[in-house]
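To start, the structure under review is shown below, and the notes come after it.
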There are 2 protein chains.
Amino acid sequence: MSKIHHPTDKAPSPDLFGGQRLSAARRRIAAAVPSIGGAFTAEDLHEVVSAGDGPGIGVATVYRAVSAMTAAGSLAAVGARDGSTLYALCTGGEHHHHLVCTGCGIVVGIGCPIDGALRRSAEEAGYTVTSHEVTLYGLCRACAKERA
Amino acid sequence: MSKIHHPTDKAPSPDLFGGQRLSAARRRIAAAVPSIGGAFTAEDLHEVVSAGDGPGIGVATVYRAVSAMTAAGSLAAVGARDGSTLYALCTGGEHHHHLVCTGCGIVVGIGCPIDGALRRSAEEAGYTVTSHEVTLYGLCRACAKERA
DNA sequence: GACCTTACTGAGAATGATTATCAGATGCAG
DNA sequence: CTGCATCTGATAATCATTCTCAGTAAGGTC
(Lines give C-alpha, C1' and ligand atoms only; values in the text may rest on other atoms or scores of the structure.)
Protein backbone atom coordinates (compact mmCIF):
# COMPACT_ATOMS: atom_id res chain seq x y z
CA MET A 1 0.00 0.00 0.00
CA SER A 2 1.12 3.45 -0.67
CA LYS A 3 2.53 5.69 1.99
CA ILE A 4 0.44 8.63 0.93
CA HIS A 5 -3.23 9.03 0.28
CA HIS A 6 -3.99 9.20 -3.35
CA PRO A 7 -6.66 11.86 -3.68
CA THR A 8 -7.87 10.03 -6.74
CA ASP A 9 -8.58 6.82 -4.90
CA LYS A 10 -12.19 7.74 -4.37
CA ALA A 11 -14.53 9.30 -6.82
CA PRO A 12 -12.94 12.67 -7.44
CA SER A 13 -16.03 14.62 -6.51
CA PRO A 14 -14.61 18.09 -6.69
CA ASP A 15 -14.89 20.46 -3.79
CA LEU A 16 -18.05 22.14 -4.96
CA PHE A 17 -18.70 23.56 -1.53
CA GLY A 18 -15.63 25.71 -1.31
CA GLY A 19 -14.24 24.60 2.01
CA GLN A 20 -17.53 24.28 3.85
CA ARG A 21 -18.23 21.26 5.98
CA LEU A 22 -18.55 18.14 3.88
CA SER A 23 -21.23 15.74 5.05
CA ALA A 24 -22.37 12.47 3.56
CA ALA A 25 -25.39 14.17 2.00
CA ARG A 26 -23.24 16.84 0.41
CA ARG A 27 -20.83 14.24 -0.91
CA ARG A 28 -23.68 12.46 -2.63
CA ILE A 29 -24.96 15.74 -4.01
CA ALA A 30 -21.53 16.77 -5.22
CA ALA A 31 -21.22 13.44 -7.00
CA ALA A 32 -24.65 13.75 -8.57
CA VAL A 33 -24.17 17.20 -10.05
CA PRO A 34 -21.58 16.25 -12.69
CA SER A 35 -23.54 13.12 -13.53
CA ILE A 36 -26.43 15.20 -14.77
CA GLY A 37 -24.26 16.78 -17.40
CA GLY A 38 -26.32 19.86 -18.09
CA ALA A 39 -28.73 22.35 -16.65
CA PHE A 40 -30.95 21.10 -13.86
CA THR A 41 -33.44 22.36 -11.33
CA ALA A 42 -33.19 21.79 -7.60
CA GLU A 43 -36.00 19.30 -7.92
CA ASP A 44 -34.13 17.45 -10.69
CA LEU A 45 -31.13 17.18 -8.41
CA HIS A 46 -33.30 16.01 -5.57
CA GLU A 47 -34.69 13.23 -7.70
CA VAL A 48 -31.24 12.09 -8.79
CA VAL A 49 -29.85 11.89 -5.27
CA SER A 50 -33.04 10.30 -3.98
CA ALA A 51 -33.13 7.63 -6.65
CA GLY A 52 -31.81 4.21 -5.81
CA ASP A 53 -31.63 2.30 -2.59
CA GLY A 54 -30.47 4.15 0.48
CA PRO A 55 -32.27 6.75 2.50
CA GLY A 56 -33.27 9.82 0.57
CA ILE A 57 -31.96 13.29 1.05
CA GLY A 58 -34.39 15.93 2.20
CA VAL A 59 -35.48 18.49 -0.32
CA ALA A 60 -34.46 21.30 2.01
CA THR A 61 -30.96 19.87 2.14
CA VAL A 62 -30.75 19.90 -1.62
CA TYR A 63 -31.89 23.50 -1.78
CA ARG A 64 -29.36 24.44 0.89
CA ALA A 65 -26.63 22.61 -0.98
CA VAL A 66 -27.51 24.40 -4.21
CA SER A 67 -27.32 27.72 -2.39
CA ALA A 68 -23.98 26.80 -0.87
CA MET A 69 -22.53 25.69 -4.19
CA THR A 70 -23.81 28.80 -5.90
CA ALA A 71 -22.25 30.94 -3.18
CA ALA A 72 -19.00 29.03 -3.62
CA GLY A 73 -19.10 29.73 -7.35
CA SER A 74 -19.41 26.08 -8.33
CA LEU A 75 -22.92 26.46 -9.67
CA ALA A 76 -24.53 29.25 -11.61
CA ALA A 77 -28.15 30.03 -12.31
CA VAL A 78 -28.67 29.77 -16.05
CA GLY A 79 -32.27 30.82 -16.48
CA ALA A 80 -35.49 29.12 -15.59
CA ARG A 81 -37.70 26.30 -16.82
CA ASP A 82 -41.38 26.62 -16.00
CA GLY A 83 -41.31 28.15 -12.58
CA SER A 84 -38.02 26.67 -11.44
CA THR A 85 -34.52 28.08 -11.49
CA LEU A 86 -32.07 26.24 -13.71
CA TYR A 87 -28.54 25.67 -12.45
CA ALA A 88 -25.43 24.41 -14.15
CA LEU A 89 -21.99 23.34 -13.06
CA CYS A 90 -19.68 26.28 -13.40
CA THR A 91 -16.11 25.24 -14.05
CA GLY A 92 -13.10 27.46 -13.91
CA GLY A 93 -12.72 30.77 -12.21
CA GLU A 94 -12.60 32.88 -15.34
CA HIS A 95 -15.37 35.38 -15.87
CA HIS A 96 -17.73 33.83 -18.37
CA HIS A 97 -21.37 33.19 -19.21
CA HIS A 98 -23.40 30.24 -20.39
CA LEU A 99 -24.89 28.88 -23.53
CA VAL A 100 -27.72 26.46 -22.79
CA CYS A 101 -29.07 23.92 -25.26
CA THR A 102 -32.83 24.14 -24.99
CA GLY A 103 -33.07 20.63 -26.33
CA CYS A 104 -30.96 18.57 -23.96
CA GLY A 105 -29.87 21.08 -21.37
CA ILE A 106 -26.14 20.83 -22.04
CA VAL A 107 -24.31 23.96 -21.00
CA VAL A 108 -21.05 25.39 -22.26
CA GLY A 109 -19.20 28.44 -21.13
CA ILE A 110 -18.78 31.43 -23.39
CA GLY A 111 -16.71 34.55 -23.16
CA CYS A 112 -18.16 37.77 -21.83
CA PRO A 113 -19.48 40.04 -24.57
CA ILE A 114 -19.70 43.10 -22.34
CA ASP A 115 -16.75 45.00 -23.65
CA GLY A 116 -15.27 48.36 -22.89
CA ALA A 117 -17.32 50.13 -25.56
CA LEU A 118 -20.65 49.07 -24.12
CA ARG A 119 -19.55 49.84 -20.61
CA ARG A 120 -18.29 53.24 -21.70
CA SER A 121 -21.53 54.11 -23.43
CA ALA A 122 -23.43 53.17 -20.29
CA GLU A 123 -21.17 55.42 -18.30
CA GLU A 124 -21.70 58.26 -20.71
CA ALA A 125 -25.40 57.87 -19.96
CA GLY A 126 -24.52 58.34 -16.28
CA TYR A 127 -24.65 54.73 -15.22
CA THR A 128 -22.09 52.83 -13.22
CA VAL A 129 -22.35 49.21 -14.24
CA THR A 130 -21.89 46.92 -11.27
CA SER A 131 -22.93 43.54 -12.60
CA HIS A 132 -24.51 41.88 -15.56
CA GLU A 133 -26.15 38.70 -16.70
CA VAL A 134 -25.77 37.14 -20.10
CA THR A 135 -27.24 33.83 -21.16
CA LEU A 136 -27.54 32.43 -24.65
CA TYR A 137 -30.02 29.77 -25.63
CA GLY A 138 -29.81 27.54 -28.63
CA LEU A 139 -29.40 24.02 -29.85
CA CYS A 140 -26.32 21.87 -29.70
CA ARG A 141 -25.23 20.05 -32.82
CA ALA A 142 -26.97 16.82 -31.88
CA CYS A 143 -30.28 18.47 -31.01
CA ALA A 144 -30.17 20.65 -34.12
CA LYS A 145 -29.59 17.59 -36.29
CA GLU A 146 -32.43 15.76 -34.59
CA ARG A 147 -34.92 18.47 -35.54
CA ALA A 148 -33.79 18.75 -39.14
CA MET B 1 -67.57 71.78 -24.37
CA SER B 2 -66.03 70.49 -27.51
CA LYS B 3 -68.03 68.94 -30.27
CA ILE B 4 -65.63 66.17 -30.88
CA HIS B 5 -63.71 63.91 -28.61
CA HIS B 6 -60.09 64.85 -28.59
CA PRO B 7 -58.19 61.63 -28.32
CA THR B 8 -55.52 63.56 -26.49
CA ASP B 9 -57.90 64.85 -23.87
CA LYS B 10 -57.22 61.90 -21.74
CA ALA B 11 -53.82 60.57 -20.84
CA PRO B 12 -52.42 59.21 -24.09
CA SER B 13 -51.98 55.77 -22.65
CA PRO B 14 -50.25 53.95 -25.47
CA ASP B 15 -51.58 50.73 -26.85
CA LEU B 16 -49.58 48.48 -24.60
CA PHE B 17 -51.84 45.55 -25.30
CA GLY B 18 -51.13 45.31 -28.99
CA GLY B 19 -54.63 45.32 -30.34
CA GLN B 20 -56.22 43.15 -27.70
CA ARG B 21 -59.51 44.13 -26.16
CA LEU B 22 -59.19 47.31 -24.14
CA SER B 23 -61.25 47.34 -20.98
CA ALA B 24 -61.47 49.95 -18.26
CA ALA B 25 -59.18 47.93 -16.03
CA ARG B 26 -56.60 47.62 -18.78
CA ARG B 27 -56.81 51.31 -19.50
CA ARG B 28 -56.02 52.09 -15.91
CA ILE B 29 -53.17 49.60 -15.93
CA ALA B 30 -51.78 50.99 -19.17
CA ALA B 31 -51.86 54.46 -17.64
CA ALA B 32 -50.18 53.30 -14.44
CA VAL B 33 -47.24 51.58 -16.09
CA PRO B 34 -45.51 54.71 -17.43
CA SER B 35 -46.20 56.54 -14.17
CA ILE B 36 -43.98 54.12 -12.29
CA GLY B 37 -41.01 55.15 -14.36
CA GLY B 38 -38.83 52.15 -13.75
CA ALA B 39 -38.76 48.48 -13.02
CA PHE B 40 -41.68 47.10 -11.07
CA THR B 41 -43.18 43.83 -9.93
CA ALA B 42 -46.72 42.72 -10.65
CA GLU B 43 -47.52 43.43 -7.03
CA ASP B 44 -46.11 46.96 -7.31
CA LEU B 45 -48.35 47.56 -10.27
CA HIS B 46 -51.31 46.16 -8.43
CA GLU B 47 -50.72 48.57 -5.56
CA VAL B 48 -50.49 51.53 -7.89
CA VAL B 49 -53.72 50.79 -9.72
CA SER B 50 -55.47 49.91 -6.49
CA ALA B 51 -54.42 53.07 -4.70
CA GLY B 52 -56.87 55.93 -4.55
CA ASP B 53 -60.60 56.04 -4.51
CA GLY B 54 -62.46 53.84 -6.95
CA PRO B 55 -62.87 50.11 -6.90
CA GLY B 56 -59.66 48.17 -6.94
CA ILE B 57 -58.46 45.91 -9.68
CA GLY B 58 -58.05 42.24 -8.90
CA VAL B 59 -54.58 40.90 -8.59
CA ALA B 60 -55.33 38.22 -11.15
CA THR B 61 -56.28 40.89 -13.65
CA VAL B 62 -52.97 42.63 -13.11
CA TYR B 63 -51.05 39.42 -13.65
CA ARG B 64 -53.04 38.73 -16.80
CA ALA B 65 -52.41 42.25 -18.04
CA VAL B 66 -48.69 41.91 -17.42
CA SER B 67 -48.66 38.68 -19.39
CA ALA B 68 -50.60 40.28 -22.22
CA MET B 69 -48.30 43.29 -22.37
CA THR B 70 -45.24 41.11 -22.27
CA ALA B 71 -46.64 39.01 -25.09
CA ALA B 72 -47.34 42.19 -27.03
CA GLY B 73 -43.75 43.30 -26.53
CA SER B 74 -44.65 46.36 -24.47
CA LEU B 75 -43.12 45.00 -21.29
CA ALA B 76 -39.99 42.98 -20.72
CA ALA B 77 -38.82 40.99 -17.75
CA VAL B 78 -35.65 42.59 -16.44
CA GLY B 79 -34.61 40.29 -13.66
CA ALA B 80 -36.06 39.63 -10.24
CA ARG B 81 -36.25 41.26 -6.85
CA ASP B 82 -36.63 38.91 -3.90
CA GLY B 83 -38.89 36.25 -5.31
CA SER B 84 -40.75 38.43 -7.77
CA THR B 85 -40.20 39.06 -11.44
CA LEU B 86 -39.27 42.61 -12.36
CA TYR B 87 -40.81 44.16 -15.46
CA ALA B 88 -40.08 47.35 -17.31
CA LEU B 89 -41.71 49.32 -20.08
CA CYS B 90 -40.08 48.36 -23.32
CA THR B 91 -40.20 51.16 -25.85
CA GLY B 92 -39.39 50.87 -29.50
CA GLY B 93 -39.26 47.81 -31.63
CA GLU B 94 -35.49 47.74 -32.02
CA HIS B 95 -33.67 44.77 -30.60
CA HIS B 96 -32.14 45.93 -27.35
CA HIS B 97 -31.55 45.01 -23.72
CA HIS B 98 -31.88 46.74 -20.40
CA LEU B 99 -29.73 48.48 -17.85
CA VAL B 100 -31.44 48.58 -14.48
CA CYS B 101 -30.47 50.93 -11.67
CA THR B 102 -30.42 48.81 -8.54
CA GLY B 103 -30.96 51.95 -6.49
CA CYS B 104 -34.12 53.45 -7.90
CA GLY B 105 -35.21 50.94 -10.52
CA ILE B 106 -34.91 53.24 -13.51
CA VAL B 107 -34.37 51.31 -16.71
CA VAL B 108 -32.72 52.38 -19.92
CA GLY B 109 -32.31 50.47 -23.13
CA ILE B 110 -28.89 49.45 -24.34
CA GLY B 111 -27.64 48.02 -27.56
CA CYS B 112 -27.15 44.32 -28.02
CA PRO B 113 -23.59 43.19 -27.33
CA ILE B 114 -24.04 39.79 -28.96
CA ASP B 115 -22.09 40.40 -32.10
CA GLY B 116 -21.15 38.25 -35.02
CA ALA B 117 -17.90 37.13 -33.49
CA LEU B 118 -19.52 35.66 -30.40
CA ARG B 119 -22.24 34.06 -32.45
CA ARG B 120 -19.67 32.62 -34.81
CA SER B 121 -17.62 31.15 -32.00
CA ALA B 122 -20.73 29.54 -30.61
CA GLU B 123 -21.47 28.06 -33.99
CA GLU B 124 -17.95 26.75 -34.28
CA ALA B 125 -18.65 24.88 -31.07
CA GLY B 126 -21.66 23.34 -32.80
CA TYR B 127 -24.36 25.50 -31.29
CA THR B 128 -27.14 27.29 -33.08
CA VAL B 129 -28.01 30.33 -31.02
CA THR B 130 -31.74 30.95 -31.03
CA SER B 131 -32.19 33.57 -28.33
CA HIS B 132 -30.33 35.34 -25.59
CA GLU B 133 -30.83 37.42 -22.51
CA VAL B 134 -28.63 40.31 -21.46
CA THR B 135 -29.26 42.55 -18.47
CA LEU B 136 -26.88 45.01 -16.89
CA TYR B 137 -27.24 46.23 -13.33
CA GLY B 138 -25.73 49.37 -11.93
CA LEU B 139 -26.41 52.75 -10.46
CA CYS B 140 -27.72 55.80 -12.21
CA ARG B 141 -25.94 59.09 -11.72
CA ALA B 142 -28.28 60.25 -8.95
CA CYS B 143 -28.07 57.01 -6.99
CA ALA B 144 -24.30 56.82 -7.41
CA LYS B 145 -23.92 60.36 -6.11
CA GLU B 146 -26.19 59.60 -3.18
CA ARG B 147 -23.94 56.77 -2.03
CA ALA B 148 -20.72 58.73 -2.36
C1' DG C 1 -9.59 8.19 21.03
C1' DA C 2 -12.79 11.25 23.58
C1' DC C 3 -14.87 15.69 23.59
C1' DC C 4 -16.92 19.90 22.11
C1' DT C 5 -18.61 23.21 19.31
C1' DT C 6 -21.07 24.29 15.56
C1' DA C 7 -22.68 23.43 11.02
C1' DC C 8 -25.62 20.26 8.67
C1' DT C 9 -29.80 17.33 8.24
C1' DG C 10 -34.59 16.01 7.58
C1' DA C 11 -39.63 16.25 8.02
C1' DG C 12 -43.00 19.05 7.80
C1' DA C 13 -45.09 23.53 8.12
C1' DA C 14 -45.06 28.10 6.35
C1' DT C 15 -44.48 31.55 2.94
C1' DG C 16 -45.27 33.89 -1.13
C1' DA C 17 -45.62 34.47 -6.10
C1' DT C 18 -48.25 33.06 -9.75
C1' DT C 19 -52.09 30.54 -12.00
C1' DA C 20 -56.64 28.21 -12.35
C1' DT C 21 -61.61 28.35 -11.77
C1' DC C 22 -66.01 30.11 -12.71
C1' DA C 23 -69.91 32.97 -12.73
C1' DG C 24 -70.94 37.52 -14.10
C1' DA C 25 -69.84 41.89 -16.72
C1' DT C 26 -68.54 44.21 -20.84
C1' DG C 27 -66.09 45.44 -25.28
C1' DC C 28 -66.84 45.44 -29.92
C1' DA C 29 -68.02 43.54 -34.56
C1' DG C 30 -71.89 43.02 -37.46
C1' DC D 1 -79.04 46.79 -30.88
C1' DT D 2 -77.45 42.01 -30.15
C1' DG D 3 -74.49 38.16 -29.57
C1' DC D 4 -70.74 36.30 -28.03
C1' DA D 5 -66.10 36.02 -27.12
C1' DT D 6 -63.12 38.09 -24.02
C1' DC D 7 -62.15 40.21 -19.71
C1' DT D 8 -62.90 40.72 -14.70
C1' DG D 9 -62.68 39.73 -9.83
C1' DA D 10 -62.81 36.90 -5.73
C1' DT D 11 -61.09 32.97 -4.12
C1' DA D 12 -58.98 28.61 -4.15
C1' DA D 13 -55.24 26.01 -5.78
C1' DT D 14 -50.52 25.19 -7.10
C1' DC D 15 -45.88 25.01 -6.62
C1' DA D 16 -41.10 26.51 -5.77
C1' DT D 17 -38.54 27.82 -2.09
C1' DT D 18 -37.60 28.91 2.76
C1' DC D 19 -38.24 28.40 7.74
C1' DT D 20 -38.37 25.80 12.13
C1' DC D 21 -36.46 22.90 15.35
C1' DA D 22 -34.81 18.99 17.46
C1' DG D 23 -31.40 15.61 16.42
C1' DT D 24 -26.91 14.20 14.14
C1' DA D 25 -22.30 14.31 12.91
C1' DA D 26 -17.97 16.82 10.96
C1' DG D 27 -13.73 18.15 12.23
C1' DG D 28 -10.67 20.54 15.29
C1' DT D 29 -8.47 20.03 19.91
C1' DC D 30 -6.40 17.88 23.79
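Throughout, a chain's letter reflects where its sequence line sits, starting with A, and its residues are numbered from 1.
- Looking at heavy atoms from C-beta onward, A:I114 lies in side-chain contact with B:P113 at the 4.5 angstrom threshold.
- Of all the residues in residues 76-87 of chain B, B:G83, B:S84, B:T85 reach under 4.0 Å from DNA chain C with at least one non-hydrogen atom.
- Nucleic acid contact for B:E43: none, since no nucleic acid atom lies under 4.0 Å from a heavy atom of the residue.
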For nucleotides 2-6 of chain C, print each protein N/O atom paired with a nucleotide N/O atom at under 3.5 Å, atom names and distance only.
residue, atom, partner, partner atom, Å
C:dT6, O2, A:R21, NH1, 3.1

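- Taking only side-chain nitrogens and oxygens, B:R26 never comes nearer than 4.0 Å to OP1 or OP2 of C:dG27.
- A sub-4.0 Å separation between OP1 or OP2 of C:dG27 and a side-chain N or O of B:S23 is absent.
- Here the range on DNA chain D touched by chain B, meaning any atom under 4.0 Å from one of its heavy atoms, is D:dA5 to D:dA10.
- Side-chain N/O atoms of A:T61 include one lying less than 4.0 angstrom from OP1 or OP2 on C:dG10.
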What protein N or O atoms touch nucleotides 19-24 of chain C N or O atoms at under 3.5 angstrom, if any, and at what distances?
none

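- Rounded to an integer number of Å, the gap from B:F17 CZ to C:dG27 C1' is 14 Å.
- For residues 29-44 of chain B, every residue pair satisfying the salt bridge (charged side-chain N to carboxylate O under 4.0 Å, His left out) rule, not counting sequence neighbours, is listed here: B:D44-B:R81.
- The CD1 atom of A:I57 sits 14 Å away from the C1' atom of C:dA11 (whole-angstrom rounding).
- Put simply, CG on B:L45 is 15 Å from C1' on C:dA17, counting in whole angstrom units.
- Between the side chain of A:S50 and the backbone N or O of A:G56 there is no donor-acceptor pair closer than 3.5 Å.
- The aromatic rings of A:H95 and A:H132 lie perpendicular to each other, with more than 60° between the two planes, well past the 30° mark.
- Partners of B:H98 according to the ring-ring contact (aromatic ring centres under 6.0 Å, His included) rule, which considers only residues two or more places apart in sequence or in another chain, are B:H96.
- Between the CD atom of B:E47 and the C1' atom of C:dG16 there is a distance of 14 Å, given to the nearest Å.
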